[in-house]
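Chain A is the first sequence line, chain B the second, and so forth, proteins listed ahead of strands; every chain is numbered from 1. Below, all heavy atoms of this structure are taken into account, side chains as well, without hydrogens, waters or symmetry copies. Because the structure is a prediction, the values reported are computed rather than measured.
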Amino acid sequence: MAKVTVSLPQGTRDFSAEVVRKRNYIFNTIRNVFELYGFAPLETPAMENLDTLMGKYGEEGDKLIFKILNNGLDNPAKQEQIRTDFEKVLEGKNTKTITERALRYDLTIPFARYVAMNYGQLTLPFKRYQIQPVWRADRPQKGRYREFYQCDADVVGSNSLLNEVELANIYATVFAKLGVEVEIRINSRKILAALAELCGGADKLIDITIAIDKLDKIGIEKVKEELVQRGLAVAQIDIIEKYLAITGSNEEILAAVTALIGHTEIGKAGIEEIEYVLEYNSPLTTHHSPLTIDLTLARGLNYYTGLIFEVKAIGVQMGSIGGGGRYDDLTGLFGVPNVPGVGISFGVDRIYDVMEELKLFPETVHTGVKILFFNLGEQESKVAFALMQQLRNNNIGCELFHEAAKMDKQFKYADKKQIPIAIIIGSKELEEGTCLVKDLLLGEQKTIAQSDLVKEFI
RNA sequence: GAGGGUGUAGCUCAGUAGGUUAGAGCGACAGUUUGUGGCACUGUAGGUCGUGGGUUCGAGACCCAUCAUUCUCCCCA
């Protein structure tokens, strides 16, 4: 046989039967909870117009968008134009003659585009969920792929904090069902904005958030260094250091942060939001979410304006497995202003890795056929085939071994495919009109009439 | 964008300081066993050692380049 040298693009994966079943288990769990909370499904195309995506994810994000090369670039009639345009591409500009479409980078921006396009028809508040792959031209590493799934739930057209409460509950419910122990961290962009205000202006917000987001990785001294590099004065950094020094229970954190920034209007608003959501998550409500205030939580995406979420799995080294937050004006980017929204996202691929590492998948994710009919000859397999079809008509999954082979081989096949029951019809059973039903897990077997077989399994 | 690690059989890896015909385990296939599996035993197939150059009497091993892959940082799910 010729040596084949096929491979997969970097950061992409094939999913075998077992993996697909495990992944579906996660998808179904999430989907069921979304539906339970009144969210309706939406799907959007794999590709969007490049204009829709560019500039929405920051400078870094733009670089990570997979652009699709236009067709017909080899058209001799347009060669001159394409050459000059390609020069512009080399300078970092995008040119429509070279590329005008791109693979979606997340589900939020396509959703915002959808809302903007269909605003007149939507019943507000509009609650949708979306489970689809996204693509990023990132360097792959542990828990990071170039093609991965996101599961988003968003509400637009409502300012109510009840939405935040519900989304936090969705997180708690899904991870409880999956058996993954998590910490749901919350913070408010308003608190960060207040901090920025105290430290010399709103224009420093992004610099500050980027720096403090790294606290648990690089430590307070390095964060201070970075803040100096980003042009903050010593007095301003002192305030940030005080802010970052705040620790303790949720109540203690709230008290301390109120003392620090509670006198600013925006800071007060942020604190009140967090208090509201925490109150709803008191033990009085059905789901007691493990919500933790994390003042260093900032989130990279700069469209967030209110409460922000991030979910970390406990007991395993892994980046965040979910995140989200409130954005005031996402559709404003597409010409429909003043539509507030809030959403969350699940990182299924990382959740899968976490569950695999902690061995949290239940045995029951295997959903192959229940029964294997042995094939012991031409006459025998005809009878087996007829019985098999009867079972299938009754919604019982089964298959017949593809050829008359040694029993030992057929047993091994059942074993490999994890089929729990074998039905054996040989010359003896053929004569008697019976069949032998063997439970392969217990090793027990019994002979029953062929006419009783369907009854046996219904 | 920056920096490491690793590429030897279908898979996981040995291969010692360069030295004849490159090994193991698992898997596959066949047999012991023509109607009772998972175990055991026996046997068979499968490799131009990622690719291209160089050093050497001699390279899987050393050097350079290249490709692939993986991990860390950046950023993120």
Side-chain angles (χ1 to χ4, degrees), chain A residues 1-13 16 26 30 57-65 92 105-108 131-152 206 209-211 213-214 217-218 222 226 298-302 309-313 317-324 343-354 372 374-377 380 401 404-431 435-447:
Chain A
M1 201 169 75
K3 176 107 177 172
V4 285
T5 54
V6 289
S7 66
L8 233 38
Q10 195 178 31
T12 65
R13 298 151 296 162
S16 66
I26 299 174
I30 294 171
Y57 309 105
E59 213 173 305
E60 286 288 326
D62 281 355
K63 286 187 204 157
L64 301 181
I65 293 170
Y105 180 87
D106 71 354
L107 301 179
T108 307
I131 301 180
Q132 287 188 282
V134 302
W135 295 269
R136 295 184 188 177
D138 212 344
R139 230 10 191 283
Q141 51 185 277
K142 191 181 179 191
R144 172 179 292 186
Y145 308 96
R146 286 185 152 182
E147 179 186 63
F148 61 97
Y149 270 75
Q150 286 191 335
C151 305
D152 279 24
I206 292 172
T209 55
I210 288 173
D213 200 27
K214 295 177 185 169
K217 262 185 192 163
I218 63 177
K222 294 265 181 191
E226 180 146 352
R299 309 270 320 145
L301 299 166
N302 33 30
F309 300 98
E310 197 155 289
V311 183
K312 286 274 293 178
Q317 199 65 38
M318 179 66 72
S320 67
I321 56 177
I344 56 169
S345 180
F346 288 83
V348 170
D349 299 82
R350 283 186 180 176
I351 293 170
Y352 179 95
D353 289 347
V354 167
L372 177 69
F374 275 31
N375 186 333
L376 296 170
E380 293 87 342
F401 199 77
K406 285 206 261 180
M407 293 190 80
D408 139 293
K409 203 170 174 179
Q410 304 195 37
F411 273 121
K412 279 182 181 164
Y413 179 81
D415 198 38
K416 289 246 168 68
K417 291 193 73 174
Q418 299 180 53
I419 300 170
I421 290 164
I423 294 182
I424 301 169
I425 298 169
S427 50
K428 188 174 132 218
E429 288 81 7
L430 195 61
E431 239 172 72
C435 56
L436 196 149
V437 179
K438 177 158 182 165
D439 185 318
L440 297 174
L441 303 175
L442 302 173
E444 291 166 2
Q445 63 186 53
K446 61 179 174 182
T447 304

**Request:** Sticking with atom P, work out how far B/C11 lies from B/U16, rounded to a whole angstrom.
**Result:** 22 Å
**Message:** For the C1' atoms, the ones on B/U20 and on B/G15, what distance do you get once it is rounded to whole angstrom?
**Reply:** 16 Å
**Message:** Base, sugar-phosphate or nothing for A/Q410? Non-hydrogen atoms, less than 4.0 Å.
**Reply:** nothing
**Message:** Taking only the P atom of each, what is the distance from B/U51 to B/C67 in whole angstrom?
**Reply:** 15 Å
**Asked** What is the nucleic acid contact for A/S345, judged by heavy atoms within less than 4.0 Å: base, sugar-phosphate only, or nothing?
**Response** nothing
**Asked** How would you label the contact of A/E444 with the nucleic acid (heavy atoms, under 4.0 Å): base, sugar-phosphate, or nothing?
**Response** nothing
**Message:** For a quick check of understanding: with a heavy-atom distance under 4.0 Å over all strands, which category does A/K406 fall into, base, sugar-phosphate or nothing?
**Reply:** sugar-phosphate
**Message:** Mind checking if A/G319 touches a base, just sugar-phosphate, or nothing, with heavy atoms under 4.0 Å?
**Reply:** nothing
**Asked** Looking across every strand, which nucleic acid part, if any, lies under 4.0 Å from A/K409 by heavy atom: base, sugar-phosphate, or nothing?
**Response** sugar-phosphate
**Request:** Mind calculating the distance between CZ (A/F411) and C1' (B/G37) to the nearest angstrom?
**Result:** 5 Å
**Message:** If you assign A/Y145 and A/S427 each to the RNA chain B nucleotide with the nearest heavy atom, which residue ends up on the more 5' nucleotide?
**Reply:** A/S427
**Message:** Rounded to whole Å, how long is the line connecting atom CG of A/L372 with atom C1' of B/G35?
**Reply:** 15 Å
**Ring centres under 6.0 angstrom apart (A/F411, A/F374)** = yes
**Item:** Sugar-phosphate, base or nothing in reach of A/Q141, heavy atoms under 4.0 Å
**Value:** base
**Request:** Using the P atom as the reference point in each nucleotide, state the distance between B/G50 and B/U6 in Å, no decimals.
**Result:** 13 Å
**Message:** For the base of B/A77 and the side-chain ring of A/F148, does the geometry meet a stacking cutoff of under 5.5 Å between centres and under 30° between planes?
**Reply:** yes
**Request:** Please measure how far the C1' atom in B/G23 lies from the corresponding atom in B/G47, and state the result in whole Å.
**Result:** 11 Å
**Request:** Determine the interplanar angle of the A/Y413 and A/F401 rings, folded into 0 to 90°, and report it as parallel if under 30°, tilted if 30 to 60°, perpendicular if over 60°.
**Result:** perpendicular
**Prompt:** Rounding to the closest angstrom, what is the interatomic distance between B/G46 and B/G52 at atom C1'?
**Reply:** 26 Å
**Message:** Under 4.0 Å, heavy atoms only, any strand: does A/L440 hit a base, just the sugar-phosphate, or nothing?
**Reply:** base
**Asked** Atom CG of A/D415 to atom C1' of B/G38: distance rounded to whole Å?
**Response** 5 Å
**Any residue meeting side-chain contact (heavy atoms from CB on, under 4.5 Å) with A/Q132, in chain and number order, not counting sequence neighbours** = A/E43, A/T44, A/R104, A/L107, A/Q130
**Prompt:** In whole angstrom, what separates A/R146's CZ from B/C76's P?
**Reply:** 17 Å
**Request:** May I ask you to say what A/K416 touches in the nucleic acid, namely base, sugar-phosphate or nothing, with a heavy-atom cut-off under 4.0 Å?
**Result:** sugar-phosphate
**Asked** Where do A/Q445 and A/K438 come nearest, in terms of heavy atoms and distance?
**Response** OE1-CD, 3.4 Å
**Message:** Taking A/N375's backbone N and O only, do any of them form a donor-acceptor pair with A/Q410's side chain (distance below 3.5 Å, no angle check)?
**Reply:** yes
**Prompt:** Across the strands shown, which category fits A/G143 at heavy-atom distances under 4.0 angstrom: base, sugar-phosphate, nothing?
**Reply:** base
**Request:** Could you check how far CE of A/M407 sits from P of B/U36, rounded to whole Å?
**Result:** 7 Å
**Request:** Quote, to the nearest angstrom, the C1' distance that separates B/A77 from B/G10.
**Result:** 33 Å
**Prompt:** Which dot-bracket string fits RNA chain B when only Watson-Crick or G-U wobble pairs with both atom distances under 3.5 Å count, crossing pairs get [ ], and | stands for a partner on a different strand?
**Reply:** (((((((..((((.....[...)))).(((((.......))))).....(((((..]....))))))))))))....
**Request:** Have a look at A/L376 and say if it touches a base, only the backbone sugar-phosphate, or nothing, with a 4.0 Å heavy-atom cut-off.
**Result:** nothing
**Item:** P spacing across the pair B/U8 / B/U70, given as an integer number of angstrom
**Value:** 14 Å
**Asked** What is the nucleic acid contact for A/L441, judged by heavy atoms within less than 4.0 Å: base, sugar-phosphate only, or nothing?
**Response** nothing
**Message:** For the backbone of A/T12 and the side chain of A/R146, can you confirm whether one donor and one acceptor N or O come within less than 3.5 Å of each other?
**Reply:** no
**Pair of N/O donor and acceptor under 3.5 Å linking B/U36 base with A/Q445 side chain** = yes
